Amino acid sequence: SFHSLTSNFVFFIFSWWGGVQMGPPDPILGVTEAFKRDTNPKKMNLGVGAYRDDKGKPFVLSCVRKAEALIAAKQLDKEYLPIGGLGDFTKACAQLALGANNEVLSSGRNITVQTISGTGSLRIGANFLSRFHGGSRDVYLPKPSWGNHTPIFRDAGMQLKAYRYYDPSTCGFDFRGALEDISKIPEQSVILLHACAHNPTGVDPKQEQWKEISDIKRNLLVFFDMAYQGFASGDIDRDAWAVRYFIEQGHNILLSQSFAKNMGLYGERVGGFTVVCKDIEESKRVESQLKILIRPIYSNPPMNGARIATTILNTPELRLLWLEEVHGMANRIIKMREQLVAGLKKSGSSHNWQHVIDQIGMFCFTGLKPEQVERLTKEFSVYMTKDGRISMAGISSGNVGYLAEGIHAVTK
Amino acid sequence: MSLFADVPQAPPVAVFKLTADFREDSHPQKVNLGVGAYRTDDCLPWVLPVVKKVERLIVEDNSLNHEYLPILGLPEFRSAASKVALGDDSPAIKDNRVGGVQALGGTGALRIGAEFLRRWYNGVNNTSTPIYVSAPTWENHNGVFADAGFKDIRPYHYWDAAKRGLDLTGLLDDLEKAPEHSVFVLHACAHNPTGTDPTQEEWKKIAEIMKRRKLFVFFDSAYQGFASGNLDKDAWAIRYFVSEEFELFVAQSFSKNFGLYNERVGNLTVVAKDNENLTRILSQMEKIVRTTWSNPPSQGARVVSKTLNCPELFAEWKGNVKTMADRVLFMRDELKSKLQALGTPGTWDHITQQIGMFSFTGLNPKQVEFMIKEKHVYLMASGRINMCGLTTKNIDYIAQAIHEAVTKVQ
């Protein structure tokens with residue numbers, strides 16, 4: 001019939017998605033894309049947020065390979081994990097963060113669930129806050145923070161605010177600004193803190209400064225993002241110091257952990273989300289609600305990475321090996337920082353580059369301005385994000401001299 | 001006063017509570033017919049031989065590392081997965097208008113699809129588009145769409161309890177009456193929980209109305225290969241709709257047909273009008289993925305990708321899938337025969353007419369309670385049983401239990 005002919009025709013040319021806008025390109029991905037297209041043999045990719053060895057290659061930890069072999073030999077089945085993840089993993093994960101002798105663990109007043117690495121952990125936390133946090137909908141992030149924090153919390157229905165953190169004039173911590181801003185945050189708001197190796201600046205508060213921050217009497221709900229435990233100083237306990245101190249001081253915190261960097265398990269998506277509750281009864285209620293949140297996203301988490309992490313943490317020789325390897329990665333980064341500064345001095349730079357050594361972790365906020373970054377990319381094929389952030393992992397003993405020359409050339 | 005003092009205790013997810021209760025039961029003849037996972041005739045989980053082989057290859061391959069996958073997932077996995085659903089010779093694939101989003105299991109694929117629809121379908125951020133799910137359906141469908149923000153989730157007629165089959169009239173009527181642009185979640189094959197699928201003729205009727213009334217097609221495909229033992233047969237409905245020019249989503253799970261339950265391997269196949277639309281859609285999918293899990297886990301995708309992309313391994317996999325499907329079909333035959341031999345009241349044809357992992361026995365809640373409490377046979381309150389829980393060793397006990405439930409409990 002004519003009617004069905006026309007409706008078929010309309011159906012044929014009509015699309016549901018005409019109104020779908022093109023999503024903006026990811027800024028960091030854009031850096032890597034441009035890097036790939038560059039034919040300069042001396043090119044450097046300093047956008048990458050993954051560790052590289054001194055030859056610029058991805059690094060699979062020996063403890064990971066050994067753990068994989070042990071696991072393969074066990075011929076395990078592939079049955080669904082519980083919604084909250086592998087029990088042995090969540091236990092080991094919490095112990096790693098809090099310390100095996102932590103009162104929170106012995107009293108059982110934490111709930112720790114396995115998550116899809118750090119992102120998944122933050123998202124579950126954000127969803128939980130959105131649904132159950134009676135206080136304001138505002139989450140306070142340090143200025144600047146990891147780019148993905150904002151859309152994660154926003155998609156969960158929270159609103160974002162900021163507190164001063166990075167001081168561009170010193171390339172260091174704006175302690176006074178942070179204290180002033182945090183002291184004004186409305187009570188019961190959520191504040192997000194980077195436990196160590198702040199991303200993107202590499203600027204961490206000193207222990208004395210953490211103490212003052214903890215002391216601020218605003219009844220704030222503290223949410224720690226710890227993506228680099230062990231990776232920052234090379235010492236897992238030292239890197240967890242702020243988290244443990246806050247708990248000691250009575251903060252019942254939320255905590256996100258990632259094993260992407262410190263175990264090199266990036267693509268396996270291994271993480272944990274912890275809520276430190278008032279008591280074990282509350283932790284059971286919270287656990288039940290976390291499961292209700294998780295089930296309609298992905299039902300239950302992936303096994304492989306969690307099994308590897310657990311095997312490493314719970315097998316004494318592998319745990320020791322891991323601690324050595326994490327120490328090794330952190331050390332290589334620290335050495336690159338020192339060599340970069342030495343190279344800058346050697347090139348004749350008169351600027352103060354102390355912040356490159358003072359900053360910690362994978363990233364460094366160089367202090368370079370956008371125009372300088374652009375020149376560094378165009379003239380030297382050094383790729384980094386416009387904010388002047390470089391990934392120290394992209395630097396090796398073979399190219400640190402070249403980088404120093406380039407930075408000196410655009411800043412003299 | 002704790003910030004979380006008012007957080008209420010949530011009820012446990014029923015199917016997992018059932019398994020927990022089963023675990024605590026010490027009765028020697030206890031049987032778990034709850035959770036949907038395959039079991040061998042020894043009632044053990046089965047890691048597919050092809051999976052063992054491929055995992056060994058992966059562990060021994062020192063050139064592989066654990067770097068991040070792209071946000072949308074492993075490219076060779078995505079394309080192979082979509083090809084499995086749509087067919088090697090799919091015109092839509094040839095037209096370059098098919099894309100995949102690697103996701104965490106079928107659940108993850110559904111959730112990413114639902115989030116996309118809420119943001120971009122039928123207007124921008126329209127939370128009131130009606131979402132229709134079958135009555136009954138997998139219970140998590142409701143949660144997925146509700147948590148994605150949809151406010152109006154409705155049932156469509158599906159299971160006819162009286163005749164123990166498809167309520168086609170009710171279904172077609174719901175399609176005719178649904179507001180235009182409503183989303184319908186269709187089970188591609190092996191409907192969960194009823195095991196009752198439309199015939200090809202019935203699918204054609206469904207498609208005709210959906211096209212005419214501009215209803216959105218969202219397939220949930222968790223059992224391809226597992227239902228009939230044949231991949232192409234189980235994908236017939238999906239391919240028919242694609243041939244009828246629908247733009248649609250398919251949430252694929254590789255949990256059951258690869259036995260990779262805990263590695264969370266899924267794929268959201270997007271069939272768009274053309275490549276230009278597809279590109280924009282995928283760019284927005286990336287944004288959704290980025291705030292949910294950033295990028296998906298690599299292990300399971302590698303296993304599936306290696307298998308699907310290698311002809312010998314692909315053939316071996318199809319054989320493994322057929323092994324599982326055949327055992328289920330055999331158990332269906334056996335259960336029906338035994339109930340008939342016992343003279344259990346009622347007709348039991350539906351046991352062999354239904355397909356896939358599950359069977360809607362028709363047992364009522366009281367009879368289910370009897371099964372669990374008195375006979376230690378654990379099944380869902382809906383009367384759903386997992387056929388994989390039946391073995392040649394326990395089938396007599398189970399048939400007897402059903403017989404008693406039906407004759408003793410009204």
Side-chain angles (χ1 to χ4, degrees), chain A residues 7 11-12 15-17 19-23 26 50 58 60 64 68-69 72 75 77-83 116-117 119-120 123 132-135 148 151-152 155 188 221 252 264-269 277-278 282 284-286 288-289 291-292 295-305, chain B residues 2-10 12-13 16 35 37 45 47 51 55-56 59 65-69 104-105 107-108 111 120-121 124 140 143-144 146-147 211-212 216 245 247 259-264 272-273 277 279-281 283-284 286-287 290-300:
Chain A
S7 71
F11 189 82
F12 182 73
S15 167
W16 291 125
W17 314 121
V20 174
Q21 293 156 26
M22 186 70 186
D26 186 289
V60 177
V64 167
E68 286 176 312
Q75 299 279 293
D77 67 39
K78 300 208 154 288
E79 294 299 286
Y80 288 122
L81 284 178
I83 300 174
I116 316 302
S117 205
T119 300
R123 183 54 184 272
F132 293 107
H133 181 56
N148 208 18
I152 288 172
D155 280 5
Q188 299 200 358
L221 178 51
N252 283 348
L265 290 173
Y266 307 92
E268 303 295 339
R269 320 308 293 128
C277 299
K278 194 180 79 168
E282 181 173 277
K284 294 266 171 275
R285 282 184 285 114
V286 169
S288 72
Q289 294 295 346
K291 288 180 181 173
I292 299 285
R295 170 87 167 143
I297 307 178
Y298 54 83
S299 277
N300 40 72
M303 165 67 100
N304 196 46
Chain B
S2 166
L3 282 169
F4 302 124
D6 294 334
V7 171
Q9 177 76 30
V13 177
F16 299 129
V35 165
V47 179
V51 168
E55 287 201 312
R56 207 175 308 129
V59 162
N65 55 41
H66 291 288
E67 293 296 291
Y68 289 124
L69 286 181
L104 272 80
T107 305
R111 183 58 179 264
W120 296 107
Y121 174 70
V124 172
N140 206 16
V144 168
D147 279 17
K211 187 188 289 193
R212 181 167 31 85
F216 185 77
E245 315 268 318
E247 288 185 292
L260 284 171
Y261 308 94
N262 69 18
E263 298 296 4
R264 316 312 294 126
K273 195 101 296 182
N277 273 287
T279 305
R280 279 182 287 107
I281 293 166
S283 75
Q284 293 297 345
E286 270 195 2
K287 284 185 69 182
R290 183 70 170 139
T291 63
T292 313
W293 55 62
S294 266
N295 42 77
S298 70
Q299 177 71 4

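Just so it is clear: chains get the letters A, B, ... in the order the sequence lines come, proteins before strands, and each one is counted from 1. Every heavy atom of this structure was used, including side-chain atoms; hydrogens, water molecules and symmetry mates were not. Quick caveat: nothing in here was measured; it's all calculated off a predicted structure.
- With respect to chain A, the highest number of heavy-atom pairs below 4.5 Å among B:Asn295, B:Thr292, B:Val51, B:Leu104 belongs to B:Asn295.
- Looking at every heavy atom in both residues, A:Gln289 comes nearest to B:Gln9 through NE2-C, 4.0 Å.
- To the nearest 0.5 angstrom, B:Ser294 atom OG is 6.0 Å from A:Ile152 atom CD1.
- Put simply, the side chain of A:Arg123 never gets that close to the backbone of B:Trp293: no donor and acceptor are under 3.5 Å apart.
- For the residue pair B:Val47 and A:Asp77, the shortest heavy atom distance occurs at CG2-CA, 3.9 Å.
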Report the C-alpha distance between A:Glu282 and B:Val7 in whole Å, list the side-chain angles of each, state the deciding distance to 0.1 Å, and finish with yes or no for side chain to side chain contact (heavy atoms under 4.5 Å, CB included).
-> CA-CA 8 Å; A:Glu282 181 173 277; B:Val7 171; over 6 Å; no
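- For the set A:Pro301, A:Pro302, A:Ala72, the count of heavy-atom pairs under 4.5 angstrom toward chain B peaks at A:Pro302.
- Under a 3.5 Å cut-off, the side chain of B:Asp147 and the backbone N or O of A:Ile297 do not form any donor-acceptor pair.
- B:Ala10 and A:Ser288 get closest at one heavy-atom pair: N-OG, 2.9 Å.
- Ranked by heavy-atom pairs under 4.5 Å with chain B, the first of A:Gly120, A:Pro151, A:Ala69 is A:Pro151.
- Taking each heavy atom of A:Ser299 and B:Asn140 in turn, the nearest pair found is OG-ND2, 3.7 Å.
- Between chain B and the options A:Leu81, A:Val60, A:Ile83, A:Thr119, the largest number of non-hydrogen pairs under 4.5 Å is found for A:Thr119.
- Highest contact tally toward chain A, considering only B:Val59, B:Asn65, B:Thr279, B:Ile281, is held by B:Ile281 [criterion: heavy-atom pairs under 4.5 Å].
- Note on B:Gly259, B:Pro297, B:Gly108: by heavy-atom pairs under 4.5 Å with chain A, the leading option is B:Pro297.
- Residue with the most contacts toward chain A among B:Gln284, B:Lys287, B:Arg56: B:Gln284 (heavy-atom pairs, distance under 4.5 Å).
- Between the CD atom in B:Gln299 and the CD atom in A:Glu268 there is a gap of 5.5 Å [rounded to 0.5 Å].
- Contact annotation for B:Tyr68: both backbone and side-chain heavy atoms come within less than 4.5 Å of a heavy atom of chain A.
- Interface residue A:Arg269: only side-chain heavy atoms are found under 4.5 Å from chain B.
- Within the model, atoms NZ of A:Lys78 and CG of B:Leu260 stand 6.0 Å from one another, a figure rounded to the nearest 0.5 Å.
- The CD atom of B:Glu67 sits 6.0 Å away from the OH atom of A:Tyr266 when rounded to the nearest 0.5 Å.
- Counting heavy-atom pairs closer than 4.5 Å to chain A, the top-ranked of the candidates B:Pro45, B:Gly143, B:Gly300, B:Gly105 is B:Pro45.
- When each of A:Val64, A:Asn148, A:Ile292 is scored by its heavy-atom pairs under 4.5 Å with chain B, the top score falls to A:Asn148.
- Only the side chain of B:Glu55 comes within less than 4.5 Å of a heavy atom of chain A; its backbone N, CA, C and O stay farther away.
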